[in-house]
Amino acid sequence: MNEVDLKLRIKAAVEDARAKNPMAPSITNTVTQDFVANAQLAVGGSAAMLYLPDECEAIASIAPAVYINMGTAFPFYAETLPRMIRALDANDTPWVLDPVGIGMSTLRTELLHQMKNFPPTIVRGNASEIIAVARLWGLIDAQSIGKVRGVDATDDVESARSAAIALARHIDGAVAVSGPDDLITDGKSIAYSSGGSPLMTKITGGGCSLGGVMAVYLAVTDPFTAAVTASAAFNAAGVFAASNTTAPASFKVAFLDALYENSAHIVVTNALRLEEI
Amino acid sequence: MNEVDLKLRIKAAVEDARAKNPMAPSITNTVTQDFVANAQLAVGGSAAMLYLPDECEAIASIAPAVYINMGTAFPFYAETLPRMIRALDANDTPWVLDPVGIGMSTLRTELLHQMKNFPPTIVRGNASEIIAVARLWGLIDAQSIGKVRGVDATDDVESARSAAIALARHIDGAVAVSGPDDLITDGKSIAYSSGGSPLMTKITGGGCSLGGVMAVYLAVTDPFTAAVTASAAFNAAGVFAASNTTAPASFKVAFLDALYENSAHIVVTNALRLEEI
Amino acid sequence: MNEVDLKLRIKAAVEDARAKNPMAPSITNTVTQDFVANAQLAVGGSAAMLYLPDECEAIASIAPAVYINMGTAFPFYAETLPRMIRALDANDTPWVLDPVGIGMSTLRTELLHQMKNFPPTIVRGNASEIIAVARLWGLIDAQSIGKVRGVDATDDVESARSAAIALARHIDGAVAVSGPDDLITDGKSIAYSSGGSPLMTKITGGGCSLGGVMAVYLAVTDPFTAAVTASAAFNAAGVFAASNTTAPASFKVAFLDALYENSAHIVVTNALRLEEI
């Protein structure tokens with residue numbers, strides 16, 4: 001994909017999400033649900049958070065795209081998630097995985113392991129999480145670098161480059177590595193999206209809401225464009241919000257406002273660099 | 001009820017909620033709990049969110065009013081909700097039902113079905129949800145119009161008019177249909193409350209927090225007045241907030257502030273139209 | 001401890017939390033998780049909320065400090081909490097208990113009862129909750145005053161003085177009683193921290209987020225200093241926020257901003273009075 005094509009697709013994604021108001025339901029952590037839902041609404045989507053196995057199964061067949069975030073696992077996810085991912089697969093419903101907390105428990109590891117064969121369309125995480133998923137699925141050397149500390153990355157984005165490429169090729173979709181500059185790849189090209197603000201790391205849910213917004217865009221475009229569009233929208237909104245505030249709570253309000261007020265023009269012209277692999 | 005009487009009751013409800021600080025506990029969805037609780041506090045009430053069967057049963061006998069929102073059903077609600085609604089019934093504790101997600105799963109349908117015989121005092125929802133409840137309980141023709149898409153209405157308020165009246169008569173309470181203009185009925189009169197802002201639909205939890213606030217007012221007044229007072233308070237606060245902001249996150253902050261700063265005078269004089277049926 | 005020593009320790013705690021970015025994971029209620037996490041981030045810490053028994057057990061051995069808030073009990077806490085508190089004990093991991101909802105159900109009472117023998121390092125609550133814990137554990141006369149109404153205190157801080165001292169001695173840690181002036185004791189000294197704002201009681205989660213921040217400080221200092229530092233940081237931030245806003249939602253934003261912008265100097269010089277017992 002060349003840069004002109006990508007930018008045309010980004011423009012279409014921003015506009016289509018606002019025009020079509022796609023519902024992108026989530027299984028997501030309880031901490032940041034409010035932020036995820038409001039970010040999804042801000043870009044034109046619609047939100048619903050679910051827990052019950054049969055509800056998740058049912059929505060997998062009608063939703064245009066789904067978001068699964070492993071941030072807070074409940075015991076009954078042992079039933080909900082396997083049924084959900086099978087239903088997503090059976091219905092060819094695209095979905096975004098945020099593997100927060102990978103490695104924290106037997107249940108999470110088991111669930112993430114199953115997703116190798118019922119793969120997501122986009123994986124979004126910080127560098128450590130992307131490396132951990134690629135390693136869990138045997139896509140990269142088990143000895144390669146990469147540590148996860150709860151929800152925080154201890155690796156930088158570039159260190160996850162080869163893991164991200166391997167993962168994108170395995171899922172035949174896109175992988176987004178969040179960091180100071182975001183790296184997004186479909187296994188053929190790499191896009192770097194810049195901007196944002198360090199204040200984004202001083203509020204909870206920046207990554208979760210980014211994943212939720214990727215699911216909204218995934219309802220209206222291809223995986224690579226969806227991941228790049230969401231990253232660009234977040235980076236542009238982060239820069240704007242940080243120009244108005246210096247502290248995290250007012251930054252969060254300004255950020256969500258900016259996400260809502262982002263035009264397609266603003267998102268398209270946010271700093272972007274495209275590389276062939 | 002004539003308009004002068006209703007306005008006197010609204011005034012008393014606003015003032016009594018601030019004076020008595022009634023606790024209106026909730027079983028409510030995990031997405032918007034923070035918004036629900038803060039809205040309840042803003043009008044003078046007190047909040048508590050519960051999940052355990054015995055806690056819900058116990059609080060049903062001491063709370064002056066309760067709020068039940070079906071937005072995110074957990075598996076253990078199969079035990080919690082039947083015990084809760086029986087205890088509410090046994091104690092004549094008034095309660096508000098928000099039937100979000102009606103029709104999404106077997107469990108929800110089964111639970112909502114049980115509520116026909118242990119009925120709420122107020123039902124609040126969008127037009128599609130009100131129609132769906134009335135249909136589920138066999139109060140209107142099963143072929144009548146009305147579709148629900150997750151949490152969003154696809155029908156307009158007026159289309160739910162007959163369903164709302166039938167439902168209000170069945171529960172011998174009040175039904176509130178949220179929309180650009182809110183329709184509230186007790187089966188004898190219909191009140192239309194106007195105001196608010198389209199930004200209310202760009203944030204998550206507007207309907208949930210309205211239901212929670214109805215429960216606070218239900219602790220101090222009759223069902224019809226409680227539903228009208230909450231709607232008027234929300235509409236007045238929405239208009240004021242929208243005069244200060246044009247984007248959703250700052251709107252939400254301004255809205256909650258305005259809800260807190262609403263005087264009884266502001267709520268009483270918010271645009272209201274009363275019709276006999 | 002004399003006042004000069006205490007102030008040096010407070011200064012070090014504020015600075016160390018920012019320098020070391022300690023992770024203070026929580027089992028906490030679903031209503032205020034977002035507020036807890038963002039407050040923890042604002043003072044320099046890192047947050048993670050957990051539910052699964054094995055995850056809680058595992059994190060007890062690696063976290064520098066933990067926060068347990070009983071605000072919304074789930075059925076599976078019957079397994080999660082006993083395993084968690086045993087693991088905390090086995091690993092000598094310090095932790096903060098917020099006994100919200102004490103007395104509301106058999107499960108809560110049973111769980112809190114077990115904590116007598118696997119005691120927390122800090123207990124934070126309002127006066128009624130502190131009295132209730134001391135009474136439940138047989139540390140004070142069962143007939144002594146003290147009533148809890150859901151999440152709200154019906155007793156004033158001074159009435160919990162002897163209960164707080166008895167409790168601090170039993171746990172060999174610190175007890176913090178929240179109120180207009182906060183009382184913090186380690187069983188030898190009592191510190192009174194003043195400031196804050198009445199608006200703090202008009203938003204949900206003020207107490208929960210204070211407990212979460214105590215856990216962050218507990219990761220870098222002793223229990224008494226941790227409890228005093230968190231109280232002073234909250235009181236200073238509350239005063240500053242209330243100087244800029246008169247309504248609760250904008251107060252909450254301003255409060256979190258102020259918490260983030262608090263310097264060690266501001267926290268150290270917040271009104272503090274120290275008494276030997």
Side-chain angles (χ1 to χ4, degrees), chain A residues 28-38 49 51 69-78 100-111 126 147-154 198-209 244-257, chain C residues 18 21-59 62-63 72 74-80 212 237 240-241 244-245 249-262:
Chain A
T28 187
N29 74 72
T30 55
V31 186
T32 65
Q33 286 185 337
D34 176 83
F35 192 5
V36 173
N38 280 300
M49 277 66 182
Y51 300 106
N69 174 302
M70 311 279 289
T72 52
F74 283 115
F76 42 86
Y77 282 13
V100 193
I102 180 167
M104 287 191 72
S105 66
T106 313
L107 176 58
R108 274 178 216 259
T109 304
E110 170 56 25
L111 292 170
N126 60 42
K147 284 193 182 60
V148 181
R149 190 194 70 156
V151 295
D152 300 327
T154 55
L199 281 172
M200 206 71 195
T201 65
K202 302 298 177 192
I203 57 173
T204 195
C208 309
S209 54
N244 285 305
T245 56
T246 58
S250 50
F251 172 80
K252 183 177 171 181
V253 171
F255 171 78
L256 278 169
D257 281 356
Chain C
R18 297 211 191 277
N21 181 225
M23 162 79 74
S26 302
I27 300 179
T28 187
N29 74 71
T30 54
V31 187
T32 64
Q33 287 186 335
D34 176 83
F35 192 6
V36 172
N38 280 302
Q40 291 183 315
L41 267 59
V43 300
S46 185
M49 278 65 182
L50 302 165
Y51 300 105
L52 293 178
D54 65 339
E55 291 185 1
C56 291
E57 207 170 57
I59 209 131
I62 53 166
T72 52
F74 282 116
F76 42 87
Y77 282 14
E79 181 182 354
T80 296
F240 185 79
N244 285 303
T245 56
S250 51
F251 173 80
K252 183 177 171 182
V253 171
F255 172 78
L256 277 169
D257 280 356
L259 201 59
Y260 175 79
E261 287 177 338
N262 266 344

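Quick note: numbers below take in every heavy atom, side chains included, and nothing from hydrogens, waters or symmetry partners.
Across every non-hydrogen atom of A/Thr72 and C/Met49, the tightest pair is CG2-O, 3.3 Å. When all heavy atoms of C/Leu52 and A/Ser105 are compared, the pair lying nearest together is CD1-OG, 3.8 Å.
Only the side chain of A/Phe76 comes within contact range of chain C, with heavy atoms under 4.5 Å apart. Heavy atoms closer than 4.5 Å to chain A are found in the side chain of C/Phe74, but not in its backbone. Residue A/Thr201 touches chain C through its backbone alone, counting heavy-atom pairs closer than 4.5 Å.
Within residues 25-38 of chain C, the residues approaching chain A closer than 4.5 Å by heavy atoms are, in numerical order, C/Gln33, C/Asp34, C/Ala37, C/Asn38.
For OH of A/Tyr51, the number of neighbouring non-hydrogen atoms (other residues, nucleotides, ligands) closer than 6.0 Å is greater than 12.
Between C/Ile59 and A/Met104, the closest side-chain pair of non-hydrogen atoms falls below 4.5 Å.
Atoms CG and OG, on C/Asp257 and A/Ser250 in that order, are 3.5 Å from each other to the nearest 0.5 Å. Expressed to the nearest 0.5 Å, how far CD of C/Glu55 lies from CG of A/Leu107 amounts to 7.5 Å.
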